[in-house]
There are 4 protein chains.
Amino acid sequence: MIRAAVLGGSGYTGGELLRLLATHPSVEVFYVTSREYAGAPIHFAHPNLRGYYRGLRFEKLSLDRALEADVVFSALPHGVGLETTAKLVESGVQVVDLSADYRLKNPSAYREWYGFEHPYPDLLARAVYGLPELHRDELRGAKLIASPGCNATAAILASAPLVKHGLLEDNRLIVDVKAGSSERGSKPSRSSHHPEREGAMRPYSPRGHRHAAEAEQELARLAGGEVRVSLIPHAVSSIRGVLASAHAWLREGATDMDVARAFSETYRGSRFIRIVAIGAQGTVDPKFVQGSNYADVGYAVEKRIGRVTGFAAIDNLVRGAAGQAIQAFNISRDLPEDAGLGYPPLHP
Amino acid sequence: MIRAAVLGGSGYTGGELLRLLATHPSVEVFYVTSREYAGAPIHFAHPNLRGYYRGLRFEKLSLDRALEADVVFSALPHGVGLETTAKLVESGVQVVDLSADYRLKNPSAYREWYGFEHPYPDLLARAVYGLPELHRDELRGAKLIASPGCNATAAILASAPLVKHGLLEDNRLIVDVKAGSSERGSKPSRSSHHPEREGAMRPYSPRGHRHAAEAEQELARLAGGEVRVSLIPHAVSSIRGVLASAHAWLREGATDMDVARAFSETYRGSRFIRIVAIGAQGTVDPKFVQGSNYADVGYAVEKRIGRVTGFAAIDNLVRGAAGQAIQAFNISRDLPEDAGLGYPPLHP
Amino acid sequence: MIRAAVLGGSGYTGGELLRLLATHPSVEVFYVTSREYAGAPIHFAHPNLRGYYRGLRFEKLSLDRALEADVVFSALPHGVGLETTAKLVESGVQVVDLSADYRLKNPSAYREWYGFEHPYPDLLARAVYGLPELHRDELRGAKLIASPGCNATAAILASAPLVKHGLLEDNRLIVDVKAGSSERGSKPSRSSHHPEREGAMRPYSPRGHRHAAEAEQELARLAGGEVRVSLIPHAVSSIRGVLASAHAWLREGATDMDVARAFSETYRGSRFIRIVAIGAQGTVDPKFVQGSNYADVGYAVEKRIGRVTGFAAIDNLVRGAAGQAIQAFNISRDLPEDAGLGYPPLHP
Amino acid sequence: MIRAAVLGGSGYTGGELLRLLATHPSVEVFYVTSREYAGAPIHFAHPNLRGYYRGLRFEKLSLDRALEADVVFSALPHGVGLETTAKLVESGVQVVDLSADYRLKNPSAYREWYGFEHPYPDLLARAVYGLPELHRDELRGAKLIASPGCNATAAILASAPLVKHGLLEDNRLIVDVKAGSSERGSKPSRSSHHPEREGAMRPYSPRGHRHAAEAEQELARLAGGEVRVSLIPHAVSSIRGVLASAHAWLREGATDMDVARAFSETYRGSRFIRIVAIGAQGTVDPKFVQGSNYADVGYAVEKRIGRVTGFAAIDNLVRGAAGQAIQAFNISRDLPEDAGLGYPPLHP
């Protein structure tokens, strides 16, 4: 068994890692940290897990304990685990970092989007961006996996085929994202208070969201040139789920069929991508991937005026966080890609 | 008292007309039609109205009865009341038609978007598009008011200032709309079944929505030239509410301040528009206009790449249907603009 | 105009008082307090009220300012305004106190249920319990009105007819209450965090809820003897609404008809009670009274085993708080009972 | 592999059977019926299952085809599959019948509660009521398993310990049930229409619900004498989940500790029951068992007046239908009790 530690285990991402790892055939979790819940059994933070992880309690974060791990899944907040990740990797422990700390290749992007000077530019270079459909080969044997953001995951999966196949008028996309409340984490606030959040439809970060940096980085690789992404998330009243609608203008002459081909070629053979022909018998909706690592993707062209939209629907806690991290980890270890992730989505 | 009839009174728009007219100081409803509920008291269809309209029952539609009215509010489905409206207007009865039947000026647009040949092109010319902020003067004394669609209302209010003030790179807008379930009416269907709809985030009409025709018509008037609108509604899990996010690229040199000025000039003195500075102390969300005729509007510029979004939030049943119809009617009769509409929105 | 102050104006009850008083024809609000929002305009706390109360800002609580009022609506938390209310009443200012501070007649009940010694037992005797259907006569001219709790209101309205008409086997009732999230106020917490609260069905205070004290007090008056009420609220995922299902065993020989008669006699002529015959054409559901001061009540008998349930559905913020307070105030001043409360409920 | 057929596979219960059986290590589904979807691939009815059951399509119901099965899971509506089940069992095929058709031992109960004369009283005698915690021994080798109703399951699990241990004043219970919308199946109707159902809190079957018959039957066995159960379900706005609050009066002298002991003794060693000490660190809520076969149970005593409530929370589609059916099937075949059911619940 591979011995795993989960850092930052009491939040929603941490809980989802524990939920999924509980049935992973090759992984045993021996260490889970939480500042707030240190000393408490796992089900105090995650009542769904009552009866699981019976021997385990949350502990304070200790580097020494983490060094006992074969792999560390770090779900610490952005910035908080930056140094821990570096030390672990340098000591030879594999880290799957679910924060934004190692996602961007360009150190200056941290200054621009996150407001700090990245102290480990060399590690940025070594980190693999953990979107399996784009980085499968690099993931094999990877020691540091930077697991993508949930909005970025959906934005990239919705638009990658369009950009990769050169179908846009110019490489500018407006990605309108709808997101459930669990995306903002487990900490209560005025805007997440149930009477305020339920029934809401409202933009947040309307002047630009940081996940655009990831999307621009990854799409530029595919396009072989600059891509501009405007990412505007909207809070809606689901709990789980992100839907990205990546809107753009088609280049002259590009057709419906070109778009169809771009999607099917880009995602051929992908274990966790399901392409949906949007119409009477199907649509793209995070409801249909709930609890699972699937991304449902689709597209629509408004011929009249040449508008194209790529859609991607994910469960933000699974494909947008814990599940994708485990998928990337599985690939890195040559385990079956769906180990711990084999369960079908829930519906309704 | 002005004697009013409500045609198609058992659906959600009809119910909302009855709810609002119940407290209108100058209007008395004497006749309400419904095929399905003919013979039944009003509260069989609208349990909230138990105790109101005690003497009244739903009746079958009869032109003779409708001709007794001073004003007819027609909430019949598209196409169904087309002829009735024409006959009433020709007989001198004022009609506020809440269907799409008289919204488009260009008869050929009915062929393109609705698939039929409009039989009364002359009436199209006489009808006034009932968006008060754009047609206040024409509404005075209007005999036929074509009340706008809910998505169109939000799309137009979100983008009118940008187009009117010439702030866009080209006059192409992508209007991503989020809509609550009541928008689709009171008739049950698989997609509106609670277990299927609650928690949903999914595009509908992803290849183009008919309300774009209204938006293009009205924005072209403001722009003095062609405007292209791609309107993509998304079902989300609220009951009431439409949020339009009208995305576009700013023209070179246009600034945040230009956008601010465009909004404040366009909506100066509008009784039912509230401009919200989006930020720590406010946002645009249909939750905040629930049950009322307000449209909350705002905007955001992503300077880095010149993207601008205009936002408009409405209650689809009030500002997107019954309330706007009454507002336009009030203006047509020189009544106080907010007669029957004075109640503040509900929150939370 | 009657000059009114609202103490504790930034919470949900305060917001609802302001929403309703905004259209009250005889009241003008000149003073609104909030510790948290002092200095801020009203719409910072209540975005629905943007455009209303333009001249007003939240202020700190000052007895001197409050003494300028003709009537003070106090929505301060339990215990916090106890002394302020006493001083205002002693200075001749009318107070409608929406907290629990003056609801119970028996001072020792405060020790038992709220854990403190009530410092103004004489005022308890003078206070009128503001449930208009039970205390209409005493309310006229009342100087201190203790506005009932939301769960208590629903529990009492659901069971009063059964108790008053002696229809129960013994005077023991189990009142199972379902409550929306706004009942717990505007302060965020783990249990009110949207991802935790949405979709919930869970008991709270399962060992007995304090509003039972009010219900027992009021029902005992009607029964002319002791009544035992077990009140068990359950959090469900609506925002607004309380449904009380008051379950009991019918006394030998009592019939369906007796129950029907008890309800119609108890509530005859009540402006804000609507009796619903539960069946194919109607049911009791807070959805149908949303935003209004109505209480919809009904009943059902399971003949097979003699179980009876009285149901009452209210909007917890209106009939369970602000609306009922205004209704009682209107009666106290001989104003029309529905002044400021005339708007029909919202649906859907 | 055990070859399984699913009759009535396009509804929610059928979909849940397919979802769970997809990962069952010993079962292979070879035949799925649906009248409405005959000829269509599985994901037309169950979009979550896109990519699963690739070779399979819905077929019309044919007894011959069903006879090829080792086990038939029948999710046909009440009455519809009654004869099919009888024929299959008589031909030696094991049937797990998820309808009410074989749940009641007493044929006359079908007359009383379901309004028909049961044609196979002998089969009623042979059928095993598939609640594993009460009938584990009889389930081994069972040829006909009558899988319990969802409300009945929750009602029985909530009250069995109280009745079995003789803790009630008299054996009368009032079981107030809160239920999500998926309980009513996948067929759209006015009351399940999203705008009508979301936010609802309303009783249905307020004069008595048929699942009471199952509860009375099973509790009487435990009590060794008659038990009276009044079951009153309430629609609330979740999708999945049933919470039963079984209210009763404690017998003189019974204490909190007696209740605690009754629960722990009754459910000792039960794989899928989790007893929750209700308080600061835990509560009973269907949210915490979502997607799983667990039943979370707990209790609360109001000492002041001797009221006791047993609570049980289940996912109505899993523990209340498909999961419990598979659990009972597993026991009948001496498979691991949790085969196909090992996945932890989802949260949030």
Side-chain angles (χ1 to χ4, degrees), chain C residues 112 172 174 176 178-180 191 193-209 212 228-232 234-243 245 247-249 256 278-279 283-288 290 298-307 309 311 313 347-348, chain D residues 112 172 174 176 178-180 191 193-209 212 228-232 234-243 245 247-249 256 278-279 283-288 290 298-307 309 311 313 347-348:
Chain C
E112 184 184 349
R172 290 191 298 184
I174 291 175
D176 189 299
K178 295 89 189 148
S191 67
H193 190 50
H194 184 272
E196 302 294 329
R197 188 54 154 75
E198 178 59 17
M201 311 180 192
R202 67 176 70 129
Y204 61 87
S205 307
R207 294 178 184 84
H209 186 276
R228 293 310 213 155
V229 176
S230 187
L231 187 72
I232 308 112
H234 294 75
V236 298
S237 63
S238 310
I239 296 177
R240 284 173 183 247
V242 163
L243 176 71
S245 306
H247 305 294
W249 302 104
D256 236 11
I278 298 178
T283 191
V284 173
D285 189 329
K287 261 184 88 75
F288 304 149
Q290 210 187 147
Y299 49 84
V301 173
E302 185 167 7
K303 285 186 196 163
R304 189 179 66 95
I305 51 176
R307 185 262 312 164
T309 303
F311 297 99
H347 176 256
Chain D
E112 184 184 349
R172 291 191 297 183
I174 290 174
D176 188 300
K178 294 88 190 151
S191 68
H193 190 49
H194 183 273
E196 301 295 330
R197 188 54 153 74
E198 179 58 18
M201 310 179 192
R202 67 176 69 128
Y204 62 87
S205 307
R207 293 177 185 84
H209 186 275
R228 293 314 212 149
V229 176
S230 187
L231 188 71
I232 308 112
H234 294 76
V236 297
S237 64
S238 310
I239 295 177
R240 285 174 182 244
V242 163
L243 175 72
S245 307
H247 304 295
W249 301 105
D256 235 12
I278 299 178
T283 190
V284 173
D285 189 330
K287 262 184 87 77
F288 304 149
Q290 210 188 149
Y299 49 85
V301 173
E302 186 168 8
K303 284 187 196 163
R304 187 180 68 95
I305 52 176
R307 185 260 312 164
T309 303
F311 298 99
H347 177 257

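Lettering follows sequence order; numbering is per chain, from 1. Given the structure is predicted, the values throughout are model-derived calculations rather than measurements.
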Participant: Does a side-chain heavy-atom distance below 4.5 Å link Pro203(C) with Thr309(D)?
Facilitator: no

Participant: Which atoms of Val301(D) come close to chain C, meaning under 4.5 Å heavy atom to heavy atom: side chain ones, backbone ones, both, or neither?
Facilitator: backbone

Participant: Does Lys287(C) use its side chain to pair, donor to acceptor, with the backbone of Glu198(D) at less than 3.5 Å?
Facilitator: yes

Participant: Is it the backbone or the side chain of His193(D) that comes under 4.5 Å from a heavy atom of chain C, or both, or neither?
Facilitator: neither

Participant: Can you say whether Ser237(D) sits under 4.5 Å from chain C via the side chain, the backbone, both, or neither, judging by heavy atoms?
Facilitator: both

Participant: How far apart are the closest heavy atoms of Arg307(D) and Gly208(C), and which atoms are they?
Facilitator: NH2-N, 3.6 Å

Participant: Looking at CZ of Phe311(C) and NE2 of His234(D), how far apart are the two atoms once the value is rounded to the nearest 0.5 Å?
Facilitator: 4.5 Å

Participant: Just by distance, do the side chain of Asp285(D) and the backbone of Ala200(C) share a donor-acceptor pair under 3.5 Å?
Facilitator: no

Participant: Specify the closest pair of heavy atoms between Ala300(D) and Pro206(C), including all atoms of both residues, with the distance to one decimal.
Facilitator: CB-O, 3.5 Å

Participant: Would you compute the distance between atom CD of Glu302(D) and atom NE2 of His209(C) and round it to the nearest 0.5 angstrom?
Facilitator: 11.0 Å

Participant: Go through the atoms of Leu243(D) and report whether side chain, backbone, both or neither lie under 4.5 Å from a heavy atom of chain C.
Facilitator: both

Participant: By a 4.5 Å heavy-atom criterion (distance strictly below it), what part of Ile239(D) contacts chain C: side chain, backbone, both, or neither?
Facilitator: neither

Participant: Can you tell me if Lys303(C) uses its side chain to pair, donor with acceptor, with the backbone of Arg207(D) under 3.5 Å?
Facilitator: no

Participant: Measuring heavy-atom distances to chain C, does Tyr204(D) have an atom under 4.5 Å in its side chain, in its backbone, in both, or in neither?
Facilitator: neither

Participant: To the nearest 0.5 angstrom, please state how far the OG atom of Ser245(C) sits from the CZ atom of Arg202(D).
Facilitator: 13.0 Å

Participant: Would you say the side chain of Ser230(C) lies within less than 4.5 Å of the side chain of His247(D), judging by non-hydrogen atoms?
Facilitator: no

Participant: To check you understand the geometry: which heavy-atom pair defines the closest contact between Arg304(D) and Ala212(C), and what is its length?
Facilitator: NH2-CB, 4.2 Å

Participant: So, for Met201(C) and Gly180(D), which heavy atoms are closest and what is the spacing to 0.1 Å?
Facilitator: CE-N, 3.6 Å

